[in-house]
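Take a look at the structure below.
Lettering follows sequence order; numbering is per chain, from 1. This one's a predicted model, so the numbers in the text were calculated from it and none came from an experiment.
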Amino acid sequence: MSTQFRSIRGIHDGLPEEVRSFRHIEETARRVFSRYVFSEVRLPVLEPTAMFVRSIGSDTDIVAKEMYRFEDRGGDDICLRPEGTAGAVRAYLQAGLTRSGAQRWFYIGPMFRRERPQKGRLRQFQQIGAEWFGVSGPVEDVEVLAMAHAFLEELGIPELAMEINSLGCPVCRPAYRDKLVAFLDARRVSLCETCNTRIDSNPMRVLDCKVGSCQAQLADAPEMASHLCGDCQSHFDGVKSGLDALAIPYVVNPRIVRGLDYYNRTAFEIVTNKLGAQGTVLAGGRYDGLVEELGGPATPAIGFAMGMERLAMLLPDIAAGSVDVAVVAIGDSVAAYALGIADRLRRAGCHVIHCGGGAAKRQFKVADREQARFVAVLGEDEMQQGLMQVKDMQSGSQQALGIDAAIAAIRQERS
RNA sequence: GUGGAUGUAGCUCAAUGGUAGAGCCCCGGCUUGUGAUGCCGGUGGUUGUGGGUUCGAGCCCCAUCAUCCACCCCA
């Protein structure tokens, strides 16, 4: 339909049906995360642009072309946050928590990226993220993975697959990278155009190219997982054996690459095949160098983020709140009395709608459409006697009750 | 940023280039203060927007905007 004003492209309204799913997801996250003793933080949506350039990397698509970036009235270069980790690190440092032991945080909120919208991809979207500062793993890596797994299990989303990989570290990755570039360089003519540019910009990206002819060339490409240094190897082994000990199903996917520069060692994704091209529901990894990169002391850390809209699409619809009682007021003289009855019913915990007065037939139609369990009919006679006609809308039977008896009857039906 | 599909009533959709319709929803009526089914009636459209071709455009052409799908990238 054409209305005068529309929301900005790729920025959608959260209407009741979707928000019911969001709330369910958020409540589940808070419940599960609290069992791992993670604390919720609420961080700014606006941050200095330079912070993301430093953390995510100036060559990434997010920074190079997807940020909502502008100069504010004071001339500061600021932007709408495109992801949550950088701001969390900034807040961790700003609060002076680097000598306060490990910090376990999670956050829920909107992120912004100016991409072309499609299924499961919006310009403003909600993420739930978790960050754990000051721990080097692999035990903590396993716990983070276990927390993500427990959350999704408790949400009841079926057919999700956990994929893990190791991205190495500054000790072993450069040598691997050189080897990979040499391998790719020898096959430039057989690789697609974008892969040719990726060889120079981000060679590991070539590994997860979706072009079939490229994948055919990559069958025996060198993989990071088989070029790890000793420390990375034992770390990765520790992660795998921890997951095994918890009987958490996973597969090692050597083609997992992280788009953001700050990741090292453990990287993981939880994916579904039910969302078309946007199958990643949750993704994260270890970022041991980021805190230092943003000006703090060398501090290992690990975290993940998930897309709430994508999760919501995988969940069945949740029914709207039910109406216990619909108040039908017959005659103008009972208007005040009917308002008072509705108020008393609500104070007793009942979910009450007022049908607005007017023709009884119309009010009953409202009650029916809202699927009220009971109707409280209030007319001149009822007001004089201090009663109400309580009609059971399923059986059609009706009886005159005082307020306390009515509340008791409604409560009995609610349980 | 690239490619493709689609825009007609609140919703789902019709309408050989010749008077814009249906179903559902909504509102009202079918005698007193009572819902669901049924019957009757009603509101509701500058056909996304702006140009062009034509005697005449919802239909053809161009542009633009939006939605959806894919690429890219990512949660």
Protein-nucleotide distance ([X], atom [atom1]; [N], atom [atom2]), rounded to Å:
{"X": "A/Met111", "N": "B/C73", "atom1": "CE", "atom2": "C1'", "answer": "17 Å"}
{"X": "A/Asp59", "N": "B/C72", "atom1": "CG", "atom2": "P", "answer": "19 Å"}
{"X": "A/Gln363", "N": "B/G28", "atom1": "CD", "atom2": "P", "answer": "11 Å"}
{"X": "A/Phe364", "N": "B/U34", "atom1": "CZ", "atom2": "P", "answer": "8 Å"}
{"X": "A/Glu115", "N": "B/C72", "atom1": "CD", "atom2": "P", "answer": "13 Å"}
{"X": "A/Leu275", "N": "B/A75", "atom1": "CG", "atom2": "C1'", "answer": "11 Å"}
{"X": "A/Arg362", "N": "B/G33", "atom1": "CZ", "atom2": "P", "answer": "15 Å"}
{"X": "A/Ile11", "N": "B/A66", "atom1": "CD1", "atom2": "C1'", "answer": "14 Å"}

Distance between [atom1] atoms of [N] and [M] (Å, rounded):
{"N": "B/G3", "M": "B/G44", "atom1": "C1'", "value": "38 Å"}
{"N": "B/A66", "M": "B/U19", "atom1": "C1'", "value": "31 Å"}
{"N": "B/G10", "M": "B/C25", "atom1": "C1'", "value": "7 Å"}
{"N": "B/C11", "M": "B/C26", "atom1": "C1'", "value": "11 Å"}
{"N": "B/G58", "M": "B/U46", "atom1": "P", "value": "13 Å"}
{"N": "B/G23", "M": "B/U67", "atom1": "C1'", "value": "24 Å"}
{"N": "B/G42", "M": "B/G21", "atom1": "P", "value": "14 Å"}
{"N": "B/G28", "M": "B/G33", "atom1": "P", "value": "16 Å"}

**Prompt:** Using Watson-Crick and G-U wobble pairs with both distances under 3.5 Å, what is the 5'-to-3' dot-bracket string of RNA chain B, with [ ] for crossing pairs and | for pairs outside the strand?
**Reply:** (((((((..((((....[..)))).(((((.......))))).....(((((..]....))))))))))))....
Closer than 3.5 angstrom, by distance alone: can the side chain of [X] be matched with the main-chain N or O of [Y] as a donor-acceptor pair?
{"X": "A/Thr49", "Y": "A/Ile78", "value": "yes"}
{"X": "A/Asn165", "Y": "A/Ala267", "value": "no"}
{"X": "A/Asn253", "Y": "A/Glu163", "value": "no"}
{"X": "A/Glu83", "Y": "A/Thr85", "value": "yes"}

Less than 4.0 angstrom between a side-chain N/O of [X] and OP1 or OP2 of [N], yes or no?
{"X": "A/Arg116", "N": "B/C69", "value": "no"}
{"X": "A/Arg369", "N": "B/C27", "value": "yes"}
{"X": "A/Gln118", "N": "B/C68", "value": "no"}

May I ask you to say what [X] touches in the nucleic acid, namely base, sugar-phosphate or nothing, with a heavy-atom cut-off under 4.0 Å?
{"X": "A/Glu66", "answer": "sugar-phosphate"}
{"X": "A/Gly10", "answer": "sugar-phosphate"}
{"X": "A/Ala367", "answer": "nothing"}

**Prompt:** Taking the side chain of A/Arg114 as heavy atoms from C-beta outward, which of B/G1, B/C73, B/U34 is closest to it?
**Reply:** B/G1
**Asked** Does a side chain donor of either A/Tyr287 or A/Glu131 reach within less than 3.5 Å of an acceptor in the other side chain?
**Response** yes
**Message:** Checking A/Tyr337 against A/Glu382: is there a side-chain donor and acceptor pair closer than 3.5 Å?
**Reply:** no
**Prompt:** Restricting to pairs with a member in residues 317-337 of chain A, which pass salt bridge (Lys or Arg N to Asp or Glu O under 4.0 Å), not counting sequence neighbours?
**Reply:** A/Asp324-A/Arg414
**Item:** Residue pairs passing the salt bridge (Lys or Arg N to Asp or Glu O under 4.0 Å) test where at least one lies in residues 272-290 of chain A, sequence neighbours excluded
**Value:** A/Asp141-A/Arg286, A/Glu159-A/Lys274, A/Arg286-A/Asp288
**Message:** Tell me whether A/Glu27 is salt-bridged to A/Arg23, with the criterion being a basic N under 4.0 Å from an acidic carboxylate O.
**Reply:** yes
**Request:** Taking only Lys NZ, Arg NE, NH1 and NH2, and the carboxylate oxygens of Asp or Glu, determine whether A/Arg104 and A/Glu143 approach each other closer than 4.0 Å.
**Result:** no
**Request:** Would you kindly compare A/Arg9 and A/Glu83 by the position of their nearest RNA chain B nucleotide and give the one closer to the 5′ end?
**Result:** A/Arg9
**Fill in**
Whichever of A/Val281 and A/Asp381 has the more 5' nearest nucleotide on RNA chain B, that residue is A/Asp381
**Message:** Which heavy atom of A/Leu167 sits nearest to which heavy atom of A/Ile256, and what is that distance?
**Reply:** CD2-O, 3.6 Å
**Message:** Under 4.0 Å, heavy atom to any atom of RNA chain B: which of residues 119-128 of chain A qualify?
**Reply:** A/Lys119, A/Gly120, A/Arg121, A/Leu122, A/Phe125, A/Gln127
Could you tabulate the donor-acceptor pairs under 3.5 Å formed by side-chain atoms of residues 395-409 of chain A, not counting sequence neighbours?
from     : atom 1 : to       : atom 2 : distance (Å)
A/Ser395 : OG     : A/Ser397 : N      : 3.2
A/Ser395 : OG     : A/Ser397 : OG     : 2.9
A/Gln398 : NE2    : A/Gln389 : OE1    : 3.3

**A/Gln398 (side chain) and B/U34 (base): donor-acceptor pair under 3.5 Å** = yes
**Message:** Would the base of B/G33 count as contacting A/Glu382 through its side chain, where contact means a donor and an acceptor less than 3.5 Å apart?
**Reply:** yes
**Complete:** Between A/Ile157 and the options A/Val281, A/Thr272, A/Leu314, A/Ile25, the side chain to side chain contact (heavy atoms under 4.5 Å, CB included) test singles out A/Leu314
Nucleotides 36-42 of chain B: which of its N/O atoms have a protein N/O under 3.5 Å away?
from  : atom 1 : to       : atom 2 : distance (Å)
B/A36 : O4'    : A/Asp368 : OD2    : 3.2

**Prompt:** How are the rings of A/Tyr176 and A/His227 set relative to one another: parallel (under 30°), tilted (30 to 60°) or perpendicular (over 60°)?
**Reply:** tilted
